[in-house]
Engineer: 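Submitted below is the structure of interest, expressed as C-alpha cells.
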Amino acid sequence: MPLCSSPPLDGKTPAAKPLFPGYLFVCFDPLKMSITTVNSTFGVSSIVTIGCDVQRGLPPKLIEGLRARCDQQGYILPLNDLKVKEAVRITAGPF
C-alpha cells in the first residue's frame, strides 16, 4: 500500500499515512471466488469497479506504476517533471 507523509504531529517528524486511506488492494481469481463473497467480507464496503472490468480488475500497469513510484519504505515519490507555477493542460478525464 503506497504511503505519503502528513504534517508532523509532534512538530518534528512527519507521520506516515496511506495514500488511499480505507482502501485495500487485493488480488483474487473471480473464477474461484465470487465478487459477492469479497464484497460481503467483514470490513469491505465494495470493490472499486469504476472504469475497469470487474472480472479482470485494475489494469496491471496501474499497479506497476504505483509500485514504481514508491521508495523502499513504500512512500510515494514526487513527480520531477512539473515545476511550481508551470502551466498544465488536462486533456482527458473528469476535470
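Please read these numbers as outputs of a predicted model, since none were measured by experiment.
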Engineer: Which pairs pass side chain to side chain donor-acceptor pair (under 3.5 Å) with one or both residues in residues 63-79, sequence neighbours excluded?
Structural biologist: none

Engineer: If you take all heavy atoms of Cys70 and Gly74, which pair is closest and at what distance?
Structural biologist: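 Shortest heavy-atom contact: SG-O, 3.7 Å.
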
Engineer: Using the side-chain hydrogen bond (donor to acceptor under 3.5 Å, both in side chains) criterion, which residues pair with Ser34? Sequence neighbours excluded.
Structural biologist: Thr37

Engineer: Name all residues meeting the side-chain contact (heavy atoms from CB on, under 4.5 Å) criterion together with Glu86; count only those two or more places apart in sequence or in a different chain, and write none if there are none.
Structural biologist: Leu82, Lys83

Engineer: Report whether Leu3 and Ile76 are members of the same hydrophobic cluster (ILVMFWY, side-chain heavy atoms less than 4.5 Å apart, transitive linking).
Structural biologist: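 No: no chain of side-chain contacts under 4.5 Å links Leu3 to Ile76.
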
Engineer: Once side-chain contact (heavy atoms from CB on, under 4.5 Å) is applied, do any residues pair with Lys17, and if so which ones, sequence neighbours excluded?
Structural biologist: Cys4, Ser6

Engineer: Which other residues end up in the same hydrophobic cluster as Val44, if Ile, Leu, Val, Met, Phe, Trp and Tyr are linked when side-chain heavy atoms come under 4.5 Å apart?
Structural biologist: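 Same cluster as Val44: nobody, lone residue.
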
Engineer: With sequence neighbours left out, what residues match Phe20 under ring pair (Phe, Tyr, Trp, His ring centres under 6.0 Å)?
Structural biologist: Phe25

